[in-house]
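Let me begin by presenting the structure, written as structure tokens, before commenting on it.
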Protein chains: 2
Amino acid sequence: MSLRYAVLASLLDGEASGYELGKRMDVSVVNYWRASRQQIYAELNRLHRDGLADARDELQSGRPNKRVYTITRAGKAALRDFTVQPSRSHAIKDELLIKVQAADIGDLPAVIAGLEMRHTECADRLEIYEHLIESYRRGRSEDDYLASARRIGPYLNLRRGRDFEKENLAWLEWATKALRNRLARTSPARAKRP
Amino acid sequence: MSLRYAVLASLLDGEASGYELGKRMDVSVVNYWRASRQQIYAELNRLHRDGLADARDELQSGRPNKRVYTITRAGKAALRDFTVQPSRSHAIKDELLIKVQAADIGDLPAVIAGLEMRHTECADRLEIYEHLIESYRRGRSEDDYLASARRIGPYLNLRRGRDFEKENLAWLEWATKALRNRLARTSPARAKRP
DNA sequence: GCGAGCATGTAAGTCGTTACATGATTCT
DNA sequence: AGAATCATGTAACGACTTACATGCTCGC
């Protein structure tokens with residue numbers, strides 16, 4: 001049921017088609033709930049059926065037509081009700097960390113390569129967050145922005161995303177170094193007894 | 001398919017029954033993949049069926065008997081193969097953050113209360129992580145530990161968990177303050193025009 | 001006496017992923 | 001020529017949650 005409210009919350013940023021929303025709710029932009037396009041299309045239909053979103057068909061030339069959705073008053077009310085409900089702790093699911101957990105028994109060079117790949121992904125996301133934060137602030141100081149902006153929720157989440165990516169980068173570098181040291185000490189020894 | 005490897009990785013910490021593993025893989029202890037007990041029972045059965053885990057029944061008095069599982073050679077090989085596969089970026093799913101995103105339209109005091117509740121949860125988890133890190137190190141310095149320990153994967157993940165909880169606490173405090181300021185500025189104004 | 005912890009599971013239902021289908025346009 | 005972007009969806013499958021079932025012991 002959370003997907004429903006994640007989609008509604010995303011519609012607060014303005015009307016959107018399913019496709020656009022799919023990009024908005026991509027890992028690189030949204031750090032509160034990512035969803036696949038197929039999920040979003042289905043949820044938008046349900047939202048419309050339940051009167052929480054209005055839909056209108058926009059005819060386009062040279063590309064397929066699209067359905068543009070807007071959050072309704074009832075949608076906002078439902079979202080408001082949701083904010084009062086207790087939240088369960090987030091789900092922690094990260095394949096890379098399973099590999100780190102099993103690194104000592106696993107293929108060390110492969111795990112290290114995985115950490116490095118994640119590092120570049122994180123760095124890319126960090127850059128996106130930094131740019132978004134800048135474009136939200138438009139020169140204002142943070143306190144200024146928080147005092148004057150119409151909405152601050154998206155900004156709060158953006159900063160969380162940025163801080164987490166930074167933290168993540170630091171950890172990835174540290175963990176990579178630790179596994180590299182281990183590799184240097186264990187693999188020459190193994191090589192001597194084939 | 002990742003649950004399978006998460007369970008195998010948890011079995012590297014030693015043999016365990018489904019119930020024990022359920023506690024090991026709880027949010028408070030494991031930060032790489034949390035799973036419900038029902039999921040774990042089912043996965044252990046499959047693991048045993050596929051020869052990746054050995055099972056033995058342990059008769060107990062005064063409490064129900066239990067099935068204790070051990071990872072097999074084939075299980076370790078499967079886990080090793082898994083470490084070579086590419087990892088997808090983790091799933092970001094946090095109900096609380098949806099509420100933060102919608103905070104401006106939602107019930108501000110409720111969102112603030114939610115952040116505070118999460119704060120105590122994080123503080124509790126942080127304490128657990130700190131204690132676990134201490135018990136892993138047993139007085140040794142970090143470099144010393146990383147150089148001498150038989151396995152370092154669990155320690156790397158533990159530090160990640162600790163750092164993330166710390167970061168999280170800082171963000172929660174900052175976001176709470178921002179939403180409190182907003183509440184102070186908006187609710188007296190509203191109260192004047194009923 | 002009652003809830004919490006120990007211990008394992010089934011069944012039903014919801015949620016989410018992957019593959020497939022279609023088809024024009026623009027970039028490399 | 002082939003891939004990527006725009007655009008929406010269906011169908012099948014797999015993952016995950018929630019509720020239910022059972023039953024004994026220990027502490028309050």
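None of these values were measured; they are calculated from a predicted model.
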Checking the side chain of R151(A) only, and the main-chain atoms of Q101(B) only, is there a donor and an acceptor separated by less than 3.5 Å? yes
Distance in angstrom units between I40(B) CD1 and dT17(D) P, rounded: 10 Å
Can you check whether S10(A)'s main-chain N or O pairs, donor with acceptor, with R24(A)'s side chain at less than 3.5 Å? yes
Considering residues at least two apart in sequence or located in another chain, which fulfil the salt bridge (charged side-chain N to carboxylate O under 4.0 Å, His left out) criterion with E127(B)? none
L44(A) atom CG is separated from dT8(D) atom P, nearest whole Å, by 9 Å
Does OP1 or OP2 of dT8(D) have a side-chain N or O of Y19(A) closer than 4.0 Å? no
Residue mapping more 5' on DNA chain C - nearest nucleotide basis, R34(A) or N45(B): N45(B)
Looking at every strand, decide which applies to R4(B) at a 4.0 Å heavy-atom threshold: base, sugar-phosphate, or nothing. nothing
DNA chain C: 5'-most and 3'-most nucleotides touching chain B, 4.0 angstrom heavy-atom criterion: dG5(C) to dT18(C)
Euclidean distance, atom CD of residue Q39(A) to atom C1' of dA12(D) [Å, nearest integer]: 16 Å
Considering heavy-atom distances to DNA chain C, does N65(B) or R63(A) have its closest nucleotide positioned more toward the 5' end? N65(B)
Would you call E116(A) and R180(A) a salt bridge, using N to O less than 4.0 angstrom? yes
Hey, does R37(A) reach any base, or is it just sugar-phosphate, or nothing, if we go heavy atoms under 4.0 Å? base
Given atom CG of L3(A) and atom P of dA15(D), what is their separation to the nearest angstrom? 20 Å
Has Q38(B) got a side-chain N or O lying under 4.0 Å from the OP1 or OP2 atom of dT18(D)? no
E43(A) with R46(A): basic N within carboxylate O range, under 4.0 Å: yes
Looking only at side-chain N and O atoms, does K23(A) come under 4.0 Å of OP1 or OP2 in dC6(D)? yes
Look at the rings of Y145(A) and Y155(A) and say which category their plane angle falls in: under 30° parallel, 30 to 60° tilted, over 60° perpendicular. tilted
Restricting to side chain to side chain donor-acceptor pair (under 3.5 Å), what partner residues turn up for D57(B), sequence neighbours left out? R67(B)
Please give, in whole Å, the distance from dG14(D) C1' to E43(B) CD? 12 Å
